[in-house]
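A quick write-up on the structure given underneath.
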Amino acid sequence: MPPNHRDVINCNYIQHEHYVRQGDFCKKCDQCFPGLGLAPFTERQFAIDQLHGALGCLHCIPCPSGFYSKHLSFEECLRCTDCRKQGVYETQNCTSKQDAVCGEIKLKSTIHDDNKHYNELKTIDTNNRKQNHSTNIDNNHMTAVISISVLCGVLAVLIIFAVSQHLRKKRRTARKQKEESKSSRGLLEAESLGSSSSSSSKTTDSSLLSCSQETVETDGEENTFNSKSIVDIFKQSHDRIVHNEELSEAHARMISKHIAVDNIFYDIGIALGIPDTDIKIIIENNKDVKSQAYETLLKWKQVKASEATVLRLIDTLQRLKLHKEIREFCKTYDQVTRPLR
């Protein structure tokens, strides 16, 4: 039956109705599902018009802890049953959709039973305390044993390290004294060679090679090159040849394979005065490391011209402490230079 427009439509929120302006009639609100309850009127979120009544519905909210709702309804959530107040045990917990279920077994409520239960709990607590105390003692003992073991291990490692360092220091001292003795003997031999004006190139070559080998000592762990004595002997033996001799392409090609390892040529180039940008261009244009080292030495010859001498290169290697490279250069110098003489 259509509404009578001569009468004013007023919707009652208590009857869960709300006014619909488009149709000028009252509409029933939706019921709350199980687990949800109707919010209190004090929490309403709708307006009430003086002419048409409620303009909205009370909303549904989830049942809080201790409350439930198991049917579709316009009711607020119900409080869960407290079985303890009834003196019986609870067989099923209360949920948001179901009330608690109480059993038939009554709770022990006599003073005697309460005291007995209290004594039992006290006995259990005492036993637990004793067990925990014993466990703590065992744990503390174990922790102390582990700490002492670790400390002893650390002390043993430190003692072994100190002894090994002491022995290594003694070996180095003895080796240094031996090297100084050999260096002095080598210098004396070089002086005697320099005083002889009729020394041939073959004699010079064998002298240089023997001096280079004498300055190498192996102790099973590392090789020590006395580059200073090698350079001194080389300068004295080749004084007339290399004093102002410019570095040749053959020399550059020979030494490049030794300074290409670990990109040593880069540090050498910087020490020789080649700009950093020029070295980077060489690296960019040459993918092979040996070629990069070779082109770096040629760049040095181009930049420094007559100043790019053999002795200048050797002095630079010595300043950079490149002992192995010095030895290789001195050993193979005559092999490269002899065909050029």
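- Between Arg327 and His323, the closest side-chain pair of non-hydrogen atoms is not below 4.5 Å.
- Residue Phe161 holds its CZ atom at 14.0 Å from NE2 of His166, rounded to the nearest 0.5 Å.
- Hydrophobic side-chain contacts under 4.5 Å tie Val163 into a cluster, directly or through other members, with Ile159, Leu167.
- Counting only distance, with no hydrogens or angles, the side chain of Asp99 and the backbone of Thr81 share a donor-acceptor pair below 3.5 Å.
- Between the Lys257 side chain and the Lys290 main chain, no donor and acceptor come within less than 3.5 Å of each other.
- Ile255 is connected to Leu272 through a chain of hydrophobic side-chain contacts under 4.5 Å among Ile, Leu, Val, Met, Phe, Trp and Tyr, so both are in one cluster.
- Under the 4.5 Å side-chain criterion, counting only non-hydrogen atoms from C-beta, Phe329 is in contact with His251.
- Side chain of Lys324 to main chain of His258: no donor-acceptor pair is present (N/O by atom type, distance under 3.5 Å, no hydrogens or angles).
- The local environment of CG in Asp262 is sparse, with at most 12 non-hydrogen atoms from other residues, nucleotides or ligands closer than 6.0 Å.
- Applying the 6.0 Å contact sphere to NZ of Lys28 captures more than 12 heavy atoms from other residues, nucleotides or ligands.
- Follow the hydrophobic side-chain contacts under 4.5 Å out from Leu320 and you reach Leu317 in the same cluster.
- Not counting sequence neighbours, the partners of Phe74 by the ring pair (Phe, Tyr, Trp, His ring centres under 6.0 Å) test are His16.
- Think of Val145 as one node in a network of Ile, Leu, Val, Met, Phe, Trp and Tyr side chains linked at under 4.5 Å; it has no links at all.
- In the hydrophobic clustering of this structure, Ile281 does not group with Leu297; members are Ile, Leu, Val, Met, Phe, Trp, Tyr whose side-chain heavy atoms approach within less than 4.5 Å, directly or through other members.
- In terms of heavy atoms, Gly56 sits closest to His18 at O-CB, 3.5 Å.
- Between Lys70 and Gln98, every side-chain heavy-atom pair lies at or beyond the 4.5 Å cut-off.
- Annotation: the span from Ile48 atom CD1 to Cys11 atom SG amounts to 11.5 Å, rounded to 0.5 Å.
- Linking Ile, Leu, Val, Met, Phe, Trp and Tyr residues whenever their side-chain heavy atoms come within less than 4.5 Å leaves Ile264 and Ile282 in two separate clusters.
- Tracing side-chain contacts under 4.5 Å through hydrophobic residues (I, L, V, M, F, W, Y), one reaches Val310 starting from Ile259; they form part of the same cluster.
- Within 6.0 Å of CZ on Arg129 lie no more than 12 heavy atoms contributed by other residues, nucleotides or ligands.
- A heavy-atom distance below 4.5 Å is found between the side chains of Leu298 and Lys301.
- Separating the CD atom in Gln86 from the OH atom in Tyr89 is a distance of 14.5 Å, to the nearest 0.5 Å.
- Tyr19 and Asn10 share no donor-acceptor pair across their side chains, judged by distance under 3.5 Å alone.
- Of the possible polar contacts, none joining the Asn286 side chain to the Asp288 backbone as a donor-acceptor pair under 3.5 Å is found.
- To the nearest 0.5 Å, atoms OG (Ser291) and CD1 (Ile283) are separated by 12.5 Å.
- When the side-chain hydrogen bond (donor to acceptor under 3.5 Å, both in side chains) test is applied to Arg21, no partner is found at least two apart in sequence or on another chain.
- For Gln165, the CD atom is densely surrounded, since the number of other residues' heavy atoms within 6.0 Å is greater than 12.
- Atom CG of Leu155 and atom CD1 of Ile160 lie 11.0 Å apart (nearest 0.5 Å).
- In this structure, Ile274 and Thr296 have side chains that are in contact, with non-hydrogen atoms separated by less than 4.5 Å.
- For Asp24 against His52, the heavy-atom pair with the smallest separation is OD1-CE1, 4.2 Å.
- Summarising the geometry, atom CG belonging to Leu313 is positioned 12.0 Å from atom CD belonging to Gln318; distances are rounded to the nearest 0.5 Å.
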TODO: Report the C-alpha distance between Leu107 and Arg84 in whole Å, list the side-chain angles of each, state the deciding distance to 0.1 Å, and finish with yes or no for side-chain contact (heavy atoms from CB on, under 4.5 Å).
DONE: CA-CA 8 Å; Leu107 294 170; Arg84 295 185 63 84; 4.2 Å; yes
Open item on the list: Let's go through Val289 and Asn263 carefully: what are the C-alpha distance in whole Å and the side-chain angles of both, what is the deciding distance for side-chain contact (heavy atoms from CB on, under 4.5 Å) to 0.1 Å, and is it a yes or a no?
Closed with: CA-CA 7 Å; Val289 181; Asn263 295 325; 3.6 Å; yes
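- Between Ala100 and Cys94 the shortest heavy-atom distance is N-CB, 3.6 Å.
- Just one of Ile268, Ile314, Asp267 meets the side chain to side chain contact (heavy atoms under 4.5 Å, CB included) condition when paired with Leu322; it is Ile268.
- A heavy-atom distance below 4.5 Å is not found between the side chains of Cys102 and Glu90.
- A side chain to side chain contact (heavy atoms under 4.5 Å, CB included) with Cys32 is found for exactly one of Ile61, Leu58, Leu72, Leu38, namely Leu38.
- For Tyr68, there are no side-chain hydrogen bond (donor to acceptor under 3.5 Å, both in side chains) partners two or more places apart in sequence or in a different chain.
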Open item on the list: Please determine whether side-chain contact (heavy atoms from CB on, under 4.5 Å) holds for the pair Ser147 and Leu151, giving the CA-CA distance in whole Å, both sets of side-chain angles, and the decisive distance to 0.1 Å.
Closed with: CA-CA 6 Å; Ser147 301; Leu151 181 60; over 6 Å; no
Task: side-chain contact (heavy atoms from CB on, under 4.5 Å) assessment of Ile9 paired with Cys26 - done: CA-CA 7 Å; Ile9 302 300; Cys26 293; 3.5 Å; yes
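- Val150 forms part of a hydrophobic cluster together with Met142, Ile146, Val154, Leu158, judged by ILVMFWY side-chain heavy-atom separations under 4.5 Å.
- Residues Phe265 and Gln292 approach most closely at CZ-OE1, 3.4 Å, considering heavy atoms.
- Residues Phe67 and Leu78 form no side-chain contact, since every pair of their non-hydrogen atoms from C-beta on lies 4.5 Å or further apart.
- Residues Ser69 and Cys63 meet the side-chain proximity criterion, which asks for heavy atoms closer than 4.5 Å.
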